[in-house]
Protein chains: 2
Amino acid sequence: MATGRTHRPATRSRGIPEATVARLPLYLRALTALSERSVPTVSSEELAAAAGVNSAKLRKDFSYLGSYGTRGVGYDVEYLVYQISRELGLTQDWPVVIVGIGNLGAALANYGGFASRGFRVAALIDADPAMAGKPVAGIPVQHSDELESIIQDNGVSIGVIATPAGAAQPVCDRLVAAGVTSILNFAPTVLTVPDGVDVRKVDLSIELQILAFHEQRKAGEEATARTSAPAPAAARRDSATDQGPDGDVPAVMPA
Amino acid sequence: MATGRTHRPATRSRGIPEATVARLPLYLRALTALSERSVPTVSSEELAAAAGVNSAKLRKDFSYLGSYGTRGVGYDVEYLVYQISRELGLTQDWPVVIVGIGNLGAALANYGGFASRGFRVAALIDADPAMAGKPVAGIPVQHSDELESIIQDNGVSIGVIATPAGAAQPVCDRLVAAGVTSILNFAPTVLTVPDGVDVRKVDLSIELQILAFHEQRKAGEEATARTSAPAPAAARRDSATDQGPDGDVPAVMPA
DNA sequence: GGTTGTGAAAAAATTCACAGCG
DNA sequence: CGCTGTGAATTTTTTCACAACC
């Protein structure tokens, strides 16, 4: 889960479990693909496969939304697209601002998945005066001095932070002060926000680290060559439960 | 949770719960920051705050790794950094390739968080011949024709896919055929892989959709104005559990 | 006194398995 | 029959709360 919330576990979602909410976008994407291929109906089995989950979970998830299927038949694709979109709030227009127009900010600005889902990039904001006026993805970058007025003039409630780590918290504070209540944070920092503000984070390296963990386990099914630990320090070790039973650093990976 | 696995729930982690594994990188990041400030020890309470979780959870997580703390004192920062790094497999060098050097691929290539965590960008690969040879983040882009040889020559086991959605599955197939066993997928598609290959996905728009869901809930605490649904289709509705109890699309957001 | 480590309790999420309906 | 919707069972994750230990 490359996510995380600071404060409040978010409005506790009127009954829909958080885990289900997190999967709705997945279903929506799969359904949209079917819709584009003009597939009229789909069974839980098929849709589950397309979304990469199992069908029991999918049916359970949908059961929290209502009874939108037809027994013996499946789900009407268009209808379900609408219901999920509505549930996710994507039937309305969400103006978002992206702060920090480096490589990542530019990638986000160009990312088609936003526009197609009810999100509208209302403004790109960067602290570098040299960027001001330069168009990225067809939108001129504005200087951060204007942050507050941009938020207010456009009624922006969702902000995306793609700045370096050091700038993230100050930017976050300004966004919140200006009225933003949801923040998507790409900077590798934990943001502190007041109650009532949601933060989700995407940390590009976290996912890679989780992969490394599993990768190591695949490779290290045998090796137990002990490489010396870099000298603890203050607290010394004695307990027997100290080191996990499996080896460490297998030297190379299998071709 | 911007994540997901296709096939195998991954080697079931020799006892360490998946939820814990997913938090280790978080702890590591917080610890690294403390280490840079030369803080020698930290309590579960402090570290938990820095990582954005609660302290009971953190202690429980650490308990799966072993008894690395000192009662009445806390945890030795350096020692814990090492233990977590080792557990995650970050004490070894992981060569990775990034396929698809658009905005996002470039952002990833430039992302400092990789190098600092044991990941080494072994190659950048793009299908566009015009890109070949151009350096991005100091690394010359190579043409996809070379994909297989690059993987093999560098012993790459982790691949990052940052191509457009349509190219993702073919690229994935080639990566896997060439020996890659872990894939981080940024393309908005579900990848199909054989058993033994791990896939994690990061979908930039999914997180935003989850935020929209909560945002909608905050705003829509009152409104119940019904906007007409866009005509179901095949299966018609009749059940009483049809529509969720709360309204839909609140018009605008609060300034 | 302060803080960890962890059983035990509680809550959440997943899976099973099948009744019920089309 | 086929497939949904869902209670019940199971598994996983989180939280509590306190004994053990420095």
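Values reported hereafter were calculated over all heavy atoms of this structure, with side chains retained and with hydrogens, waters and symmetry mates removed. Model, not experiment: these values are computed from the prediction.
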Over how many whole Å does the gap from [X] atom [atom1] to [N] atom [atom2] extend?
X	N	atom1	atom2	answer
L58(B)	dT13(D)	CG	P	16 Å
I16(A)	dA13(C)	CD1	P	12 Å
D61(B)	dT15(D)	CG	P	11 Å
L80(A)	dG5(D)	CG	C1'	14 Å
L47(A)	dG2(D)	CG	C1'	17 Å

Between R23(A) and E45(B), just flag the one whose closest nucleotide in DNA chain C comes earlier from the 5' side.
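Mapping each residue to its closest nucleotide by heavy atoms, the 5'-most match is E45(B).
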
Side-chain N or O of [X] closer than 4.0 Å to phosphate OP1/OP2 of [N]:
X	N	result
S44(B)	dT3(C)	no
K57(B)	dT14(D)	yes
Y75(B)	dG5(C)	yes
N54(A)	dT14(C)	no

Closest to the [X] side chain, choosing from [options]:
X	options	result
K60(B)	dT14(D), dC3(D), dA13(C)	dT14(D)
E18(B)	dC16(D), dC22(D), dT13(D)	dT13(D)
R59(A)	dT4(C), dT15(D), dT6(D)	dT6(D)

Using a 6.0 Å cut-off, check whether atom CD of E45(A) has over 12 heavy atoms from anything other than its own residue.
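Result for CD/E45(A): open.
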
R117(A) side chain to S205(B) side chain, donor-acceptor N/O pair below 3.5 angstrom
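There is no such pair (donor and acceptor under 3.5 Å, judged by atom type) between the side chains of R117(A) and S205(B).
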
Could you measure the distance from the OG1 atom of T20(A) to the NZ atom of K57(A)? Nearest 0.5 Å is fine.
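If I round to the nearest 0.5 Å, the distance is 9.5 Å.
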
Classify the side chain of R71(B) versus the base of dT3(C) as yes if they form a donor-acceptor pair under 3.5 Å and no if they do not.
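Not at all, since no donor on one side and acceptor on the other fall under 3.5 Å apart.
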
Report yes or no: does S35(A) contribute a side-chain atom to a donor-acceptor pair with the main-chain N or O of L31(A) at less than 3.5 Å?
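No; judged by distance alone, with no hydrogens or angles, the pair does not exist.
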
